[in-house]
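What follows is one structure encoded as structure tokens, with my remarks underneath.
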Amino acid sequence: MNGLKTRNAELGVDIERLTQERTYLQSLDQSIVSAENISPAVLNRVDQALPRDSGIPELLTLLGSVSEMDGVKLNSVNFSDVKTSLARGAASATSSVMQTQINISVSAADYPQIKRFLGHLESSLRLLDVVGINVSLDGEKAMYAIQLNAYAFRPAVVPKAAAEKKKL
């Protein structure tokens, strides 16, 4: 009789665990359906904001076009080593945010030009942080040394064995 009660209790625990796993798998299925319904235009904008690589050519294009638009002279651009850190809330250590440090030197006739330049960089789709600004005078023009950080996302790579196990 005790064996039957113990077995019934074990079955109850197993049924509860299976119910939780079924609920979890159904929520994953719903997430997949939702993700498949995201428009390509939205995915393209996300990829522009947080690309999967450092995107140095795109960063150069962005800096050049914004400086030209605002009448700011782009004197030099220097990209530092990429730093990688674990993405906040990432499920795996293989998901990471890569940070590229950018040092630029620009000159402008007045501060409002620099302010517009920084505003346009800030309002671009690409995620950028202004880390520091140093100002020096060169005759009538002000020289600005600006330190920026740009980010890229390296998604988690699911090992093939784990992906197959999840399908079961």
Could you give the distance from OH (Tyr144) to CD (Gln113), rounded to the nearest 0.5 Å? 9.0 Å

Between atom OG of Ser31 and atom CD of Gln26, what is the distance when rounded to the nearest 0.5 Å? 12.0 Å

Measure the CD1-OG distance between Ile104 and Ser76 for me, rounded to the nearest 0.5 Å. 8.5 Å

Any chance the side chains of Glu16 and Gln20 put a donor and an acceptor closer than 3.5 Å? yes

Inter-residue atom distance Asn75.CG - Met143.CE, 0.5 Å rounding: 4.0 Å

Would you check if there is a donor-acceptor pair between the side chains of Gln99 and Asn149 at a distance under 3.5 Å? yes

Take atom CD in Glu122; do more than 12 heavy atoms of anything else shown fall under 6.0 Å from it? no

The side-chain contact (heavy atoms from CB on, under 4.5 Å) partners of Glu36 (sequence neighbours excluded) come to Ile32

Is there a side-chain contact between Leu63 and Ile102 (heavy atoms, below 4.5 Å)? yes

For Ile56, which residues count as a side-chain contact (heavy atoms from CB on, under 4.5 Å) partner, sequence neighbours excluded? Ser54, Leu60, Phe79

Is there a side-chain contact between Asn8 and Leu4 (heavy atoms, below 4.5 Å)? yes

Side chain to side chain contact (heavy atoms under 4.5 Å, CB included) for Val66 and Leu74? Distances and angles first, verdict last. CA-CA 10 Å; Val66 171; Leu74 189 58; over 6 Å; no

